[in-house]
Novice: 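Quick one: the structure is below, and I'll ask about it shortly.
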Number of protein chains: 2
Amino acid sequence: MSSVNLKQLAQALDLSVSTVSRALNDSYEISAATKEKVQLLATQLGYQPNPYASSLRRQQSKTVGVIIPEVANNFFSLAINGIEEVARQNGYHVLIYLTHENFAQEQTIVQHLANGRVDGILISVSGETQDAAHFAKLRELNLPTVFFDRVCEQTDTASITTDDYDSGYRATHHLLERGCRRIMHLTLAQHLSIGQKRMQGYLDALRDADVAFDPALLVRGGHGSDHNTALVQQLLEQDPSIDGIFAAVESLAIAGYRACQATGRRIPADIKIIGFSNLEMADLLNPSLTTIRQPAYAIGREAATILFQGLMKNRPILTSQSQELKSELVVRASTGGLG
Amino acid sequence: MSSVNLKQLAQALDLSVSTVSRALNDSYEISAATKEKVQLLATQLGYQPNPYASSLRRQQSKTVGVIIPEVANNFFSLAINGIEEVARQNGYHVLIYLTHENFAQEQTIVQHLANGRVDGILISVSGETQDAAHFAKLRELNLPTVFFDRVCEQTDTASITTDDYDSGYRATHHLLERGCRRIMHLTLAQHLSIGQKRMQGYLDALRDADVAFDPALLVRGGHGSDHNTALVQQLLEQDPSIDGIFAAVESLAIAGYRACQATGRRIPADIKIIGFSNLEMADLLNPSLTTIRQPAYAIGREAATILFQGLMKNRPILTSQSQELKSELVVRASTGGLG
DNA sequence: CTGTTAGCGCTTTCAT
DNA sequence: ATGAAAGCGCTAACAG
């Protein structure tokens with residue numbers, strides 16, 4: 001493709017291919033004079049090494065695969081930003097794959113990457129994923145993998161997460177502190193560790209405050225923002241005692257907000273809302289919406305950094321390298337909004 | 001990496017490497033019996049062809065590069081979704097590169113891709129890009145390229161855009177129709193065709209309505225949401241006659257909204273806002289914000305489709321394949337909000 | 001310091 | 001219908 005290759009360079013310079021190769025790779029066994037000559041001509045002719053030839057020979061691709069459920073979601077977008085940046089700095093390329101929250105797709109993708117196309121994998125598991133057999137294969141093949149945000153607890157690789165339990169606790173505590181006693185808990189993926197931990201934080205905060213937990217307040221949303229809004233709205237109408245909403249996912253925070261509006265509840269006078277959201281817009285537009293912000297960009301960077309360190313030093317990636325980054329409680333409303 | 005390769009399969013089956021290769025590629029010159037035998041063992045052993053070996057030999061990578069300014073932006077996120085989907089359907093892989101709106105990075109990335117790593121490129125140019133020399137090289141190398149959203153008018157490849165002029169006109173018309181006469185125009189990248197077209201729509205709408213254009217109402221924002229808010233706020237305070245805001249970019253629509261709040265202007269009673277935004281959240285959260293929604297996902301799909309058609313049929317990608325997709329004016333407020 | 005040679009794993013003529 | 005052999009472009013022993 002790039003028209004000019006090593007052989008041509010070698011011929012033009014009357015050198016052997018290996019000398020040229022070594023000169024370009026700045027090998028210590030090539031004279032400074034030759035190096036210069038070679039590099040000069042190489043840049044003149046715009047020589048670009050064929051990545052596939054060297055990948056084949058070196059048995060490494062300088063490429064990582066990123067597998068995520070969806071990219072139209074601010075958390076993952078920001079994470080990709082972090083990942084791409086670190087990759088670039090380390091001379092790596094980034095292949096992107098989307099599972100669309102579909103387990104079968106996730107399996108296929110993982111399997112497709114187990115052929116040397118990538119040197120390592122960064123993954124946030126799909127909402128449907130329960131079985132971890134496909135990850136076992138990655139270990140077998142010794143393909144370094146780092147989980148981020150939505151981790152798979154069954155395998156023993158490194159993972160970068162947010163302080164899900166803790167932030168779930170804090171969020172609930174925040175509402176309790178403001179007088180809420182009947183807090184609706186909105187969640188999507190109950191069987192994902194991320195959902196479970198957030199909910200456990202919610203439950204423990206209630207318990208520590210001696211507030212009874214009512215299972216009726218546990219709501220599992222689905223996909224489709226209008227559907228969720230209707231669902232919450234219905235529950236609000238059924239139970240006027242509800243005075244708080246804790247949404248474990250951004251989309252559900254919005255749904256909760258809209259449902260409150262639809263039922264005429266005033267925020268924060270009648271009801272208070274707190275929700276996970278990585279969308280700065282959300283609280284910029286609407287300060288009455290208190291949010292839990294995950295350090296998405298940092299998570300991407302951290303996950304990538306751990307992966308690359310393992311790759312460069314050719315060391316296995318250990319569970320001990322796992323980290324839990326802190327999320328932030330963002331309260332915008334100065335005028336006693338929800339804050 | 002994947003441990004098992006053609007040679008091993010061949011030995012195990014007592015066949016030649018070429019036969020096995022052909023069998024797996026479903027060649028017509030292999031007996032049905034052999035094919036079956038081969039394919040059976042291949043799946044049993046979990047054979048995965050080495051992508052780099054076949055890329056090297058075939059001189060094609062089954063990979064496309066996507067170059068965008070940023071991914072933490074709903075438009076590009078959605079576009080990637082569309083691109084990835086189409087790529088997957090066609091057996092292509094997607095490499096992601098971010099320019100961070102930086103021209104130098106864009107040049108480097110483009111140059112790095114001109115070595116056979118990708119079979120084609122999908123690109124949305126950085127805000128700084130004025131010079132198109134680096135794209136000329138792509139043409140030289142015959143590397144199929146499709147521009148999307150932020151196109152480069154100097155080259156003659158296909159491009160997928162939104163109806164920027166038209167939507168700029170319609171947005172402005174919308175405000176004029178509601179009585180606005182002093183409409184502030186907020187823009188980021190004035191020299192990008194996308195910014196120019198939107199502004200031209202604005203100007204023409206004013207002219208057609210016989211409303212004088214005041215250059216003082218033209219505001220060029222920068223990066224940093226707080227900075228932009230302060231800028232707009234200052235202008236609003238200086239000029240109380242301003243009764244409308246047209247934001248050519250989502251972030252500026254938010255800045256405008258916040259500035260209005262800060263200066264005590266009521267929306268839409270005192271001032272009306274309309275802005276480009278691909279964030280459904282924005283108008284869900286705040287129905288008084290009328291938005292122009294681009295068909296981001298469709299743009300991604302369309303751009304990718306054109307690229308792949310060219311790649312598969314080995315045909316050049318022509319300007320004639322360019323398309324302009326329609327954007328949508330989203331008015332949420334039923335209660336006479338801004339709508 | 002430089003050249004010769006082998007080979008990464010696959011595809012594809014060319015032969016049989 | 002199958003096999004032998006060449007070669008994609010590069011790197012890395014091994015010589016010298």
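Here is the naming used below: chain letters follow the sequence lines, and residue numbers restart at 1 for every chain. Basis for what follows: all heavy atoms, side chains included, without hydrogens, waters or symmetry-related copies. Please read these numbers as outputs of a predicted model, since none were measured by experiment.
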Novice: Find the distance A:Lys62:NZ to D:dC10:C1' and express it as a whole number of Å.
Specialist: 16 Å

Novice: Using the benzene-type ring in the case of Trp, are the ring centres of B:His93 and A:Tyr97 under 6.0 Å apart?
Specialist: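 Under 6.0 Å, so yes.
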
Novice: Take the protein atom NZ of A:Lys7 and the nucleotide atom C1' of C:dG3, then report the distance between them rounded to whole Å.
Specialist: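 Whole-Å distance recorded here is 16 Å.
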
Novice: Atom CD of A:Glu36 and atom P of C:dC1: how far apart are they, to the nearest Å?
Specialist: 14 Å

Novice: To the nearest Å, how far apart are B:Leu24 CG and D:dT2 P?
Specialist: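 Rounded to whole Å, this separation is 13 Å.
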
Novice: Shortest non-hydrogen contact from A:Leu56 to B:Tyr52?
Specialist: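 Shortest heavy-atom contact: N-CB, 4.3 Å.
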
Novice: If the cut-off is 4.0 Å, is A:Tyr47 near the phosphate of D:dC10, judged by side-chain N/O to OP1 or OP2?
Specialist: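 For D:dC10, OP1/OP2 do have a side-chain N/O of A:Tyr47 under 4.0 Å.
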
Novice: So, under a plain 3.5 Å distance rule, would you say the side chain of A:Ser18 forms a donor-acceptor pair with the base of C:dT4?
Specialist: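 Answer is yes: a donor-acceptor pair is held.
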
Novice: Just how far, in rounded Å, is P of D:dG9 from CZ of A:Arg58?
Specialist: 17 Å

Novice: Any idea which of D:dA13, D:dG3, C:dG9 is nearest the B:Arg22 side chain?
Specialist: D:dG3

Novice: Are a donor atom and an acceptor atom from the side chains of B:Ser322 and B:Thr319 found within less than 3.5 Å of each other?
Specialist: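 No, no side-chain donor-acceptor pair sits under 3.5 Å.
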
Novice: Does the distance from a Lys or Arg side-chain N to an Asp or Glu carboxylate O, for A:Glu84 and A:Arg301, drop under 4.0 Å?
Specialist: no

Novice: Go through the N and O atoms of the side chain of A:Arg57 and the base of C:dG9, and report whether any donor-acceptor pair is under 3.5 Å.
Specialist: no

Novice: Would you mind checking if A:Lys35 and A:Asp26 are paired as a salt bridge, meaning a charged N to carboxylate O distance below 4.0 Å?
Specialist: yes

Novice: Could you say whether B:Ala53 or A:Glu29 is positioned toward the 5' end of DNA chain D, judged by the nucleotide with the nearest heavy atom to each?
Specialist: B:Ala53

Novice: 5'-most contact on DNA chain C: B:Thr19 or A:Ser31, nearest heavy atom basis?
Specialist: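 Its nucleotide being nearer the 5' end, the pick is A:Ser31.
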
Novice: Nearest whole angstrom, please: distance from the P of D:dT11 to the CG of A:Asp26.
Specialist: 13 Å

Novice: Taking only side-chain nitrogens and oxygens of A:Gln59, does any of them come within less than 4.0 Å of OP1 or OP2 of C:dG7?
Specialist: no

Novice: Are OP1 or OP2 of C:dT2 and a side-chain N or O of A:Ser16 less than 4.0 angstrom apart?
Specialist: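 Checking C:dT2 against A:Ser16, no side-chain N or O comes under 4.0 Å of OP1 or OP2.
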
Novice: If I take atom CZ in residue A:Arg117 and atom P in nucleotide C:dC10, what distance separates them, rounded to the nearest angstrom?
Specialist: 13 Å

Novice: With a cut-off of less than 4.0 Å, is there a side-chain N or O of B:Thr34 near OP1 or OP2 of D:dA1?
Specialist: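 B:Thr34 to D:dA1 OP1/OP2: no side-chain N or O under 4.0 Å.
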
Novice: Side chain of B:Leu15 only, please: which of D:dG9, D:dT2, C:dC10 is the nearest?
Specialist: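 Nucleotide nearest to B:Leu15's side chain: D:dT2.
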
Novice: For D:dC8, take OP1 and OP2 only and decide whether either is under 4.0 Å from a side-chain N or O of A:Asn5.
Specialist: no

Novice: Closer than 4.0 Å, any side-chain N/O of A:Ser21 to the OP1 or OP2 of D:dT11?
Specialist: yes

Novice: Let me know the distance between CG of B:Asn25 and P of C:dC10, rounded to the nearest Å.
Specialist: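 Atom-to-atom, B:Asn25 to C:dC10, this comes out as 10 Å.
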
